[in-house]
Each structure stands twice: as structure tokens, then as C-alpha cells.
Amino acid sequence: MSLTIYGKTLNSRLLIGSALYSSPQIMKDAILASGSQVVTLSLKRQNPADKSGNQIWQYIQEIVAQTNGHLLPNTAGCKSAKEAITLAHMSREIFNTNWIKLEVIGDDYNLQPDPIELLSATEQLIADGFNVLPYCTDDLVLCQRLSDLGCEVVMPWASPIGTGKGLMNPYNLETIRLRLPNTTLILDAGIGKPSDACLAMEMGYDGVLLNSAVALADNPVAMAKAFALSLQAGETAYVGGVMAERQTAHPSTPTLDTPFWHQNS
């Protein structure tokens, strides 16, 4: 089913990164196999003698053209609001998009976002006309503040970036979904396997953004296909309505009136 982000309708609820792949060709094949129409990328310095960056950029442009997709620049590596704002403006000028995946890292060990700097950068970038997709922790109050500032999309983590630990705090994520019913929620970071993505969609999340889980798989193309299917399964399950858990067993085949049924006196 489709997903609308800042007025753009997408045919896939999977957003995917372009880093860490073993080759540009594998990156292209995997992203196309995922069905994603949103590709994240970062602005990097490049030695004029090194042409690898040009090749990667060429492949990303081909992906966007083939999928009728969209670029989502990020501010990876920024540690202050000032750095993130500057990089966002540079990215908008180069990539010609108002979309920005806002990252402001506060800790080098677990790459946890700095909530104070993140809110500051978000407020300024929205004032500057950006469509901000903020990466944050699974903190309900922080997610509420980002939404109140005007973010149509909020992206809490499942677990720290690149860990593959999956959904560490399902209760937090479920609470965010419950309390922000009108905000588009995309789970970002820490996804390790397709079942993680499926679980997020079963909770009612609107999409999943990932990179390492596909790029570092033994077969990135096959893994990308698996994630595409897992999101479809999870969304369909959410729409179908998962049965309530029970404390006691209930027979799926009622025993009343079966041949050897005996009523207890």
C-alpha cells in the first residue's frame, strides 16, 4: 500500500540507504530489488583523483530515474545543530530537494541522537523551508516535541545504528504509535532482520528505514527482497487486526458435541 511523505506518494513503505555495500553494482541491484523509492545518501568530500564517488552518484541517479524515486540526504556525522543546519543547506543546493534526514549525534559510543541539538536544528530547518525527517530515540516526549515543531514524519530508532539488535523497547515504540496517531512514524536504525521490520509494521508504523541489514547481508539482493515482503506482511497483518493474547489455552476446534465429549458434572 502507498505511503505519503510531505505530499509525495510512494508505492513502497521501505526507505533504504546507499552506504556500506561491497560494490556500486550490488548497491544498485539491492535497492532496485527492495522496491524502495527513497534512497538516503550523505554529502562527502572527494579527492579529485578518486572517481569512485562519481560512479556511486551515477548509480544512485539511475536508481531514482528507474523507480521514479526521491533522494533523502542526511546529516550523518554532525554533532551540533549548527553543523547539521549548514550541511542541510549544502545538501539542498547540491541535490535539489527540501527533504532532509536530520541526524545530530550526541554520543560516539552508541551514536545516540542529542535531543537538545536535534530540537534546535529541527526548529531552524523548518523555518528555512525544509521537510525534516528527524532521527531520534524511542523517547515519547522527544517525538511529541518534534511533531509539535511541525515534523510530519518522526523516525525513532529500534536500537542503536548498525547494531542489528532489532526492537529493543517494543513498549516504547507502541506507546509512541498510540500517542501520535496523526504523525507518520518510520522506524529508523537497528533493524537486523526482516522479522524486525514485520513487527514494526504490525505495531502500525508507517514505514521502515534501514541500510546495514541489507548492505551487510551475505546476499544483499535477496535480503532486500525479503525486507520488501516482510513490510507487506506486517502492514497486512496490522490492517487485518492481530488477535488479542490470552492467559489460558482455548481449543481451536471446540470439543462440545464431538464423539467422545463428556460433560463434567
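We're numbering straight along the sequence, starting at 1.
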Please find the pair of heavy atoms, one from [X] and one from [Y], that lie closest to each other, and give the distance.
| X | Y | answer |
| --- | --- | --- |
| A158 | I191 | CB-CD1, 4.2 Å |
| T122 | L102 | OG1-CD2, 3.2 Å |
| V104 | L118 | CG2-CA, 4.2 Å |
| A84 | A121 | CB-CB, 4.5 Å |

I'd like to know if the side chain of [X] reaches the main chain of [Y], judged simply by a donor and an acceptor atom lying under 3.5 Å from each other, with no hydrogens or angles considered.
| X | Y | answer |
| --- | --- | --- |
| T183 | L185 | no |
| S42 | A76 | no |
| E202 | A237 | no |
| S159 | G166 | yes |
| S230 | F227 | yes |
| S147 | C143 | no |
| T67 | I63 | yes |
| N172 | N169 | no |
| S212 | G162 | no |
| Y6 | V132 | yes |

Quiz item: Among all residues two or more places apart in sequence or in another chain, which pass the side-chain hydrogen bond (donor to acceptor under 3.5 Å, both in side chains) test with N98?
Solution: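 Testing N98 for side-chain hydrogen bond (donor to acceptor under 3.5 Å, both in side chains), a comparison that skips the adjacent residues, returns R92.
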Practice problem: Give the intermediate values and the outcome of side chain to side chain donor-acceptor pair (under 3.5 Å) for residues E62 and Q58. | Solution: CA-CA 6 Å; E62 292 174 1; Q58 178 184 343; 3.3 Å; yes
Using 0.5 Å steps for rounding, measure from the [atom1] atom of [X] to the [atom2] atom of [Y].
| X | Y | atom1 | atom2 | answer |
| --- | --- | --- | --- | --- |
| Q232 | T236 | CD | OG1 | 7.0 Å |
| M223 | D218 | CE | CG | 7.5 Å |
| L72 | L15 | CG | CG | 6.5 Å |

Quiz item: What do you reckon, is CZ of F95 surrounded by more than 12 foreign heavy atoms closer than 6.0 Å?
Solution: yes
Quiz item: Mind checking whether F130 and H89 have parallel, tilted or perpendicular rings, split at 30° and 60°?
Solution: perpendicular
Quiz item: Yes or no on salt bridge (charged side-chain N to carboxylate O under 4.0 Å, His left out) for D188 and K101, after CA distance, side-chain angles and deciding distance?
Solution: CA-CA 10 Å; D188 179 15; K101 178 189 173 186; 3.2 Å; yes
Quiz item: Does a side chain donor of either S2 or T9 reach within less than 3.5 Å of an acceptor in the other side chain?
Solution: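 No, no side-chain donor-acceptor contact under 3.5 Å.
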Quiz item: Among side-chain atoms of Q144 and D148, is any donor-acceptor pair under 3.5 angstrom?
Solution: no
Practice problem: Output all residues satisfying side-chain contact (heavy atoms from CB on, under 4.5 Å) with N110, sequence neighbours left out; order by chain, then residue number. | Solution: D107, Q112, W157, P160
Self-check item: Residue pairs, two or more places apart or on separate chains, that pass side-chain hydrogen bond (donor to acceptor under 3.5 Å, both in side chains) and touch residues 69-86
Solution: K79-D108
